[in-house]
Every structure is written in C-alpha cells, then in structure tokens.
Amino acid sequence: MMDQTPIEELTEQQAGKELAQLAMDIAFHNARYHGEDDPLISDADFDALVRRNTAIEERFPELIRKDSPSRQVGSKASYKFAKVTHSVPMLSLGNAFSDEDVSEFLARIRRFLNVGEDRSLALMAEPKIDGLGISLRYENGTLIQAATRGDGKEGEDVTANILTISEIPRTLKEGAPDVCEIRGEIYMSKADFAALNARQEAEGKPHFANPRNAAAGSLRQLDSSITASRPLRFFAYAWGEMSQLPFEAHSEALEWLASMGFPTNPFSKGGASAEDLLAVYRHIETERSALDYDIDGVVYKVDDLALQERLGFVAKAPRWAIAHKFPAEKAVTVLLDIDIQVGRTGALTPVAKLEPVNVGGVMVSNATLHNEDEIARKDVRIGDHVRLQRAGDVIPQVLEPLLEKRLKDSKPFAYPTHCPVCGSEAVRENEEVVRRCTGGLICDAQVVERLKHFVSRRAFDIEGLGSKHIAAFHSDGMVKSPADIFRLKDLRADLETREGWGAQSIDNLYAAVEERRTIGLDRFLFALGIRHVGEVTARDLAKAFETLDALIEAATSETALETLAEIDGIGGVVAVAERCPQKPDRGANACALR
Ligand code: IVH
C-alpha cells in the first residue's frame, strides 16, 4: 500500500479527495468480492481501506459522501437473479482487530446501557464463518424463499439453488412460528473445495481462489443442477422477520435453531468479560487450522435480546455485536525468482517464486509482489529471505525482505523495460503504477490471455473449452483470434489427431460453440476484454445501447465522450482524471471505448 499522510495532517481538501478515491476503490473491491466472487486484494487490505475511510470521516464529518462506503453494505445484487427485498435488512458487523478493541466494545455497550462494572453482562462468542450470508424464509413451516444478502436491503432469489443443499431443512419441526426467516452462512468445506478445484483443473476450467469464492460461485449459478453438484453447507446463527419469537437470548436461539433441524456451530460459547471472550477467541484460533471450514474471526454478541433491542444499530452494523478478526498468517521463506507475467491488457505483473512453505496450513510457492514500485520500495531481491502473509483468502503477499539474512552479492531487482514474451517496449503511461507491454496483438501473451478471457465463465462460457485448451489451440496455430473459435469446425482433422480429443468430445465442443453463436450484448462486450470495461460497465452499455451497431455509432461519433459519460455508471461515477488524459472530466470507461 502507498505511504499515507497521517489523518491528523490531512487538509480538508486532501481529505475530500481521498474520500472520493476511497469511495471508488472500496466500491470496486466490493464489487469484485461480492458481485464477481473474485477479489483482487486481501481482506486485511480491504479492511485497511475501510478503516482509513472511517477515520477520515470521523475527523471531517462534514465531508461524508452520499456514496460513502460507510453507508453501504456489500454490493448491489447481481442482474441474473430476481431481486428480493429483505423484510428486515441484513446488516454487516463492525470489526475489532485487537484485545483493546474488544474491551472498548464492551465498555461502549456498558456505557450505552448504563450497566456498571458491578453488574454482569452475558455475551456469546462464536466463529465468524467465511462464507456468504443467506436468509431463508419459511411460511407455515415450509421453505418458500432463499435470498442472498446483496446490498443488505435487496438480495438475489436463490431459492432453487438452496433447495439443492441437503443440510437446509425444507420444512420446520412442529410448533414453528408461521413466518420464520432463518439467517446464517453458506460455506464449502475445505475438503470439498480441494476436490472441486481438482475437478475444475481436469476439465480445463479456472480454479477458485478459496472456499468462499467457490461457495459463492456455486450458489450464484443460474443452472441449479450445477449448484447441486457442488457440496454446500450451512450454519444458522441469526434470524430476520419472525411472526413470533420463541426465544429471549441468542444462546436460546441457537438451541431453538438446532431443535428445528438447522446446523449450528459447536464452538459457540458464553462469556461475561473481555477476558472470557478473548479466551474463547484464542481457543477457536488454535482450532482454526484443524477445522474443515474457513473462519476469519470470532463474533461476540450480547446474549439478551431485549438488551440487543435497546442497543440497536449504528449505520450498517448492530451495536450489540462485533467481529474480532484473526490476524493474517505469516511465514518466512526464500525468494527463488521473480517471474514477470504478461496479462490480457499487457500489464506486467511480478510474481514471487518461493521455496514452498506452509503458511497457516496451506503450502505456498507463489506470492504477489504487487508492482514495480513495491519491489523497489521494499528493495526485494532474488535470493532474499522474505516474510509472507496469507490473509485466509486470495493470493499470499510478500511483506518484506529480512535484511539480516541478505546475501552479500545480491543486487537490486532490475524491472524489465521490455516485454519478456514479445520483446516490445514496456512503458508506464500517465504515471500509472503498471508497466505495460506495447506489443498489443503481436504479443503472444496478450493474445492468449485475451482468448482465455473470451471463453471464460463470465464471457462466452463455452462448455468444454477452458483456458488450457484455448492456450494449446493457440500455441498450435489453430486459434489466433476469437473468430477462429467459430471456425474450429473446419479443423476436425487437426482436432482428431490431438490427444484427449475423441469423436464424441469434438462433437460436444462443436455443439457448445454453436450454442454460443448468439449471446447477450453485455457478455459480448465483456468478452472483448477492453480495459476498464468490466462486467458492470458492459451491462450498463448493453442496457443503454441495446445493439452493437448503436454502440459503435455512438462510440465513434464526434460527441462520443459526452454521450457515453451521460450513461448511468459509465461517466460521472468513474470519472478519474489521470485515466483519461484527453478529457480529464470524463470517465475512464468512456475513454476506453473510443
Ligand atoms: S451475525 C446483524 N454471526 O459476517 C448481524 N454473522 O461481516 C448479523 N457471519 O453478514 C450477522 N459468521 O454473513 C453473524 N457467527 C456469525 C457469522 C456472521 C459469519 C457473516 C455474515 C455477516 C458478515 C458480517
């Protein structure tokens, strides 16, 4: 992360600018995490952004933006599923990162309720499951609707998919209130996650980064037979609308949920002081790596529901609960090499090749070094011992070199100024941190990555044509551009000579390609892999223009920037001056489309 001005030294103008940037960055990472199940940064880095935003807002409350991340929960519901408005909003939790934060949380509650230290206050501690929140609505004892959290107010209707999960009862036991909304976490076990990834690999499909993404990806399938083939599980820990409340405390609620047939977490435990809660936290932390599911902290909740009610909510989170997050897991190993990978848009990305090391139960041999500036700033050198961090999710990162172990003859890493694949010059435009290969379509790496993107799940999604196949077809000269995929039919003889391609699988491939000859404009635009045109922007454009011809006409006209910037989600929202040198007041997306 970049060096930051201490909050107390920020001028009002700097604060305003930074809040605008943070709103945009947080919205972006939120969309990657919740909307696309594909996070780019670790939870720890994301939390740091949110904390910085909160701290600036605390110092400059008059600068709090309408679109401030502190006013929003999660990400907007995806467009694929019907929307469900939650009758009781699904909120998120505030975070505690240290023992002091936990003491402060308890002190705050006591102050608010006016309960002195002489009186006891019952709390519950339970694991924070790293999955995705769900709300299950039962009417007259029967499950009638299941919705994801979405933005907290509105989620997605995933009823058909939830019905494939055997751990979730379809009917409640005798005596349940007429309306029961049971809430909890959908997750995938670590073992099932490993098996799913092995299957993905065998089928030439992309890996899921972690069990949470795998669970999210599996639940958000339009085809529920796919969800059915992915073992998902559930823990109940909360509720929404209830026509009658058959319990008076969280501990009683957990017992009631279990009696109704819901799985509840066995580690939930009561406590009355910070010491008690921290003891449960440490116990759960020691069990963490042995558990068959990912957890990312411990949630503390006031037990008495009447007190919860009095405590109420602040902004998007309850005052009566907090999530005490686990610190990221660290380890030291040797940096064997720095690999420079070339992405779809030509971006050079440094990847640390490491002597394999166990970081919190997972073997790690690759880690991210972020970018050229980070390597220079940290002075990371090949041969160094480096400290790694894995934050229970996404790619592990290199934190720092251990200077005391540095070899005498080591040299600073010279970042390439030319593309390691095609040899074209690699440049940094407009003071971007990313250096990009200027080879465009003469660069094999860019071509292959574009092809992989073109056939990927959220783009053309051609069944049986995964990234490995497309890379092999490209390297053998069979597919040079996306259009060639639709001409594979002419290459039957070549295909038949390839290992693993029998008559049946070739027929299947052809059928799958035919099926995608017509696809939605949004998917098509996304598949082109234009910089700044992600899934959301592609969708906005498709909505605004409806046909490719209309879009081309608008994008090539004299007044294109103005026209595009007028569209919801394209212009103003993403207007970042340095990304659009020709028109600093216009959006990056509008520029990219030109
Ligand atoms: S209670 C009103 N308990 O964490 C508060 N949430 O960061 C309702 N989560 O949206 C949440 N384990 O999806 C609660 N034991 C637990 C949890 C838990 C995981 C998730 C949940 C929530 C998110 C907040």
Side-chain angles (χ1 to χ4, degrees), residues 26 29-30 33-34 37 39 43-44 46-47 50-51 69-70 72-75 77 86-97 105 123-136 146-156 158 181-188 211-213 215-216 219 232-242 249-251 253-254 257-258 262-271 277 280-281 284 288 291 293-303 305 307-309 311-326 392-393:
I26 292 171
H29 290 300
N30 237 333
Y33 185 77
H34 291 283
D37 310 326
D43 279 3
F46 181 77
D47 288 340
V50 174
R51 261 181 289 162
S70 57
Q72 282 148 41
V73 180
S75 133
H86 298 298
S87 48
V88 176
M90 288 183 82
L91 294 146
S92 65
L93 292 166
N95 289 324
F97 296 97
F105 163 70
L123 284 117
M124 291 292 289
E126 60 192 32
K128 182 169 188 299
I129 316 297
D130 196 7
L132 48 148
I134 195 92
S135 186
L136 308 168
T148 62
R149 184 166 71 130
D151 64 4
K153 293 190 203 96
E154 198 181 57
E156 292 166 343
V158 288
E181 264 180 27
I182 308 304
R183 292 180 175 175
E185 206 82 355
I186 300 284
Y187 67 96
M188 187 178 282
R212 187 203 170 275
N213 294 132
L219 188 63
L232 293 177
R233 314 194 58 178
F234 179 65
F235 278 126
Y237 53 68
W239 54 94
E241 185 183 343
M242 298 285 284
H250 185 69
S251 49
L254 293 178
L257 286 165
F262 292 99
T264 51
N265 191 281
F267 287 91
S268 302
K269 204 165 178 269
L277 298 181
V280 183
Y281 175 88
I284 295 177
R288 183 182 183 189
L291 295 179
Y293 46 88
D294 275 347
I295 58 176
D296 56 349
V298 174
V299 184
Y300 307 132
K301 300 174 178 177
V302 168
D303 197 29
L305 302 188
L307 293 184
Q308 284 191 6
E309 177 121 8
L311 284 158
F313 301 87
V314 248
K316 55 170 190 164
R319 245 187 228 105
W320 46 264
I322 202 163
H324 188 179
K325 294 287 199 81
F326 291 131
D393 52 10

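Because the structure is predicted, anything quoted here is derived from the model rather than measured. As the structure lists them, so they are numbered: ligands from 1, and atoms in each ligand from 1.
- With hydrogens and angles disregarded, no donor-acceptor distance shorter than 3.5 Å links the side chain of S135 to the backbone of A147.
- Atoms of ligand 1 found under 4.0 Å from any heavy atom of R149, numbered from 1 in the order shown, are 10 (O).
- At under 3.5 Å, a nitrogen or oxygen of Y237, whether backbone or side chain, sits near a nitrogen or oxygen of ligand 1.
- Set against the non-hydrogen atoms of G133, the atoms of ligand 1 under 4.0 Å away are 13 (O).
- With E126 contributing its side chain and S268 its backbone, the two residues share no donor-acceptor pair below 3.5 Å.
- One finds the CE atom of M188 at 11.5 Å from the CZ atom of R233 (value rounded to the nearest 0.5 Å).
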Take H250 and Q308 through the side chain to side chain donor-acceptor pair (under 3.5 Å) test and state the conclusion after the steps.
-> CA-CA 10 Å; H250 185 69; Q308 284 191 6; 4.9 Å; no
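- With a heavy-atom cut-off of 4.0 Å, L93 touches ligand 1 through backbone and side chain alike.
- Not close to ligand 1: A321, with no non-hydrogen atom less than 4.0 angstrom away.
- Classification of the F235-Y187 ring pair by plane angle, with boundaries at 30° and 60°, yields parallel.
- Protein heavy atom nearest atom 20 (C) of ligand 1, with residue, atom name and distance: E185 OE1, 3.3 Å.
- In plain terms, the two heavy atoms of P89 and R183 that are nearest each other are O-NH1, 3.2 Å.
- In this structure, atom 8 (C) of ligand 1 lies nearest to the protein heavy atom L91 O, 4.3 Å.
- Of the polar atoms of I129, at least one N or O is found under 3.5 Å from an N or O of ligand 1, judged by distance alone.
- Heavy atoms of P127 found under 4.0 angstrom from ligand 1 belong exclusively to the backbone.
- Ring pair F234/F262 is perpendicular by interplanar angle, where above 60° counts as perpendicular and below 30° as parallel.
- Atom 2 (C) of ligand 1 has as its closest protein heavy atom P318 CG, 3.7 Å.
- With a heavy-atom cut-off of 4.0 Å, A238 does not touch ligand 1 at all.
- Of all the heavy atoms of K128, the ones lying under 4.0 Å from any atom of ligand 1 are found in both the backbone and the side chain.
- The CD atom of E185 lies 6.5 Å from the CG atom of L132; values are rounded to the nearest 0.5 Å.
- Nearest-residue assignment for atom 15 (N) of ligand 1 (options K325, R183, M124, E126; heavy-atom criterion): E126.
- The backbone N or O of D130 lies less than 3.5 Å from no partner atom in the side chain of R212, so there is not a single donor-acceptor pair.
- Contact annotation for K301 and ligand 1: only side-chain heavy atoms (C-beta onward) come within less than 4.0 Å of the ligand.
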